[in-house]
Amino acid sequence: MEGRRAVSAVLALAFLIGPLVLSSYWIGLLTQVVILGLLAMSLDILLGYAGLPSLGHAAFFGVAAYAVAVLSTGYDAGFWTCVIGGILIGTALSAALGAIVSHVRDVYFLMITLALGMVLWGLSYRWIPVTGGDNGISGIPSLESHAGLPVSGPLVFYYVSLLVAAGCAAMMARLVRSSFGLTLRAIRENEPRMKSLGFNTWLHCYLAYVIAGLFASVAGVLWAYYNGFVSPTYLDLTASSELFLMVTLGGPATLAGPVVGAGLIVLLKNVMSAYTARWLLVLGMVYIVAVLTAPQGLWNLGHRRRT
Amino acid sequence: MTYLITQSLNGLFSAALLFLIASGLTLSFGVMKIVNIAHGSFYMLGVYVAYSVVLRTGSLWLGAAAAVAVVGTLGLLMQRLFLRRFGADPLPQMMMTMGFALLFRDAALMIWGGDPFALPYPSWLSGSIEAGDVVFPSYRLFVIAVAGLVAIGLWLVSDKTLVGARLRATVDDPEMASAVGIHVARLSGLVFAAGAALAAFGGVMGGPILGGYPGIDFDLLPLAFVVVIVGGMGSLKGALVGSVVVGMIDNFGKALVPELSYFTLFAPMVLVLAFRPTGLYGRA
């Protein structure tokens, strides 16, 4: 535990004061880590705590981002309409899909969420009148001007994202330590026993799915403002599986691990693509090496897996 | 009416290709509980390998044979060296296949470049068949017939041979199967390799029409997964029925509401999942 605590403190410090000394390129990368870290944490609730391996989680992220894009560029909606609209639409989608997938488990869950995620990707790719197809939608206003903040710039956006992500992370940490979180872990370990103890396991899994969708939507809203455009790549299979990799590489059921995973993938992606065009080849190898060498995730190296 | 018949035949053609892809996917799922993200890559590699061979020799038959042999071997190696060690643990297996899917895509881009191409038609099948008002390309009918033959062949193997009996036993209960002396690991390798080869064969069959391009792997994968989910995971009969259902819906969906293609697949999947969570022919 000591080692983990020290690492957490160093990371928190880096997130807090790092951007003050970094160039704007690195602030941009760190912003990506913060937003994708939030997204990876939301998947961790499902994958790590509830034991529901979702391979379509990027869909909520992407749909929320699309909602912001469509509302702000197509309807000239104000800042709060976009933010609340994006979160509501993403969450409503997870509430609808959750009703379909919450009674399946394990590998079936994996396959069905994969198919649902790809159906939504297909919608973003082909429903051209609304989504702009492959070109996506550009021209999303910057968060600072849209919200009417007196200051602007990458540093401002970074600290807004950090504040939102830290708030969400605190809520998620609270959630997984609550009796609800304990029940989720118990369902992961032994669902029939929890059922016979009188727990409504379907409802717990369903709520976990919706909550994960909610936090993914928050990340999606931030991401839309960060990039200023949206495209189908936000919700394709590669995005969902990269997310999956962040969680498993970092360490499932730790919340902090997925952030580390997100950081590694973002850094690796940007550093590697500066040196080689064969980034996909490298990423493919990262998957294989990660599965072979750190099946429990980096955050759990040297620790017994917390159950 | 003519339109309906033509579109139905087109739907059957999609179903034929889907069956070639999904039968391997569903069988390797049944035996190894593996969600194979690289299965679309086998299809893609099939088209590319066949293309290289056809360019050099001019023979589509040699191309098909090479595609089946190369991709089948690749599948066998992948299963032996990387997947077998995980037994039937779905998460690491899935991650592994995801890694391979990315590797294969980038390798294909490196070797064959990014230009789209199509395989040539066999000369004796380049015309069309006319029946009344309906004019239909004979190559598409040929593919439908070939897939039908493959389906019959797979059914004969799984229902009438010892290997098939072992296969069905392993799908039903891998632990009991290995307890009664079935070599589950060897069977898994065989099924995985055969599935890869079938997908590659599907690639060659679809090559003259769909062609090959980077990204075709992930274009077909969702369709194949929906087939497996609708039909029931691990069931050959399910793969056949699912292919026809998905092929038809996808085809009519594309023809009637092009901007919602893919999304039209949502309906059958949700209906099946709501009433039969394990798919039409799957068992829990």
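Every heavy atom of this structure was used, including side-chain atoms; hydrogens, water molecules and symmetry mates were not. Proteins get letters first, then strands, A, B, ... in listed order; numbering begins at 1 in each.
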Apply ring pair (Phe, Tyr, Trp, His ring centres under 6.0 Å) to residues F263(B) and Y125(A) and explain how you reach the verdict. CA-CA 10 Å; F263(B) 198 67; Y125(A) 188 63; over 10 Å; no
Just how far is it from atom CE of M233(B) to atom OH of Y108(A), taken to the nearest 0.5 Å? 6.5 Å
Can you say whether I288(A) sits under 4.5 Å from chain B via the side chain, the backbone, both, or neither, judging by heavy atoms? both
Could you measure the distance from the CE atom of M111(A) to the CD1 atom of I34(B)? Nearest 0.5 Å is fine. 10.0 Å
What part of V228(B) is in contact with chain A, defined as an atom under 4.5 angstrom from a non-hydrogen atom: side chain, backbone, both or neither? side chain
Would you mind reporting whether L281(A) and M110(B) have side-chain heavy atoms less than 4.5 Å apart? yes
Test side-chain contact (heavy atoms from CB on, under 4.5 Å) on M94(B) and F244(A); report intermediate values, then the result. CA-CA 10 Å; M94(B) 185 280 290; F244(A) 206 94; 3.5 Å; yes
Heavy atoms from other residues, nucleotides or ligands near CZ of R80(B) exceed 12 (cutoff 6.0 Å): no
Between A107(B), P92(B), P222(B), A101(B), who has the most heavy-atom pairs with chain A when the cutoff is under 4.5 Å? P222(B)
Does any heavy atom of chain A fall under 4.5 Å from the side chain of F86(B), the backbone, both, or neither of them? side chain
Go through F218(B) and D236(A) one step at a time and tell me if the side-chain contact (heavy atoms from CB on, under 4.5 Å) criterion holds. CA-CA 9 Å; F218(B) 282 3; D236(A) 65 7; over 6 Å; no
Is it the backbone or the side chain of L97(A) that comes under 4.5 Å from a heavy atom of chain B, or both, or neither? side chain
To the nearest 0.5 Å, how far apart are CZ in F82(B) and CG in L292(A)? 7.0 Å
Would a 4.5 Å heavy-atom cut-off, applied to side chains only, mark L91(B) and L47(A) as touching? yes
Can you tell which of R85(B), R105(B), M96(B), Q93(B) has the highest number of heavy-atom pairs within less than 4.5 Å of chain A? M96(B)
Do D106(B) and W279(A) have side-chain heavy atoms sitting under 4.5 Å apart? no
If one checks every heavy atom of T248(A) against chain B at 4.5 Å, the contacting part turns out to be side chain
Working to the nearest 0.5 angstrom, can you tell me the gap between L55(A) CG and I37(B) CD1? 5.0 Å
In this structure, are over 12 heavy atoms from other groups packed under 6.0 Å from F117(B) atom CZ? yes
If you apply the rule side-chain contact (heavy atoms from CB on, under 4.5 Å), what do you find for L223(B) with M118(A), and how did you get there? CA-CA 9 Å; L223(B) 296 175; M118(A) 296 208 70; over 6 Å; no
Rounded to the nearest 0.5 Å, what separation is found between the NZ atom of K33(B) and the CG atom of D106(A)? 10.5 Å
Counting heavy-atom pairs under 4.5 Å to chain B, which of L237(A), V104(A), T131(A), I128(A) comes out on top? L237(A)
Y287(A) side, atom OH; M98(B) side, atom CE - distance, nearest 0.5 Å: 4.5 Å
Might you confirm whether atom CH2 of W112(B) has over 12 heavy atoms from other residues, nucleotides or ligands at distances under 6.0 Å? yes
In terms of heavy-atom proximity below 4.5 Å to chain B, should L110(A) be classed as side chain, backbone, both, or neither? side chain
Could you tell me which of A99(A), A290(A), S241(A), P129(A) has the largest number of non-hydrogen atom pairs under 4.5 Å with chain B? S241(A)
Set out, in order, the CA-CA distance, both residues' side-chain angles and the distance that settles side-chain contact (heavy atoms from CB on, under 4.5 Å) for L103(B) and L280(A), then state yes or no. CA-CA 7 Å; L103(B) 278 181; L280(A) 273 187; over 6 Å; no
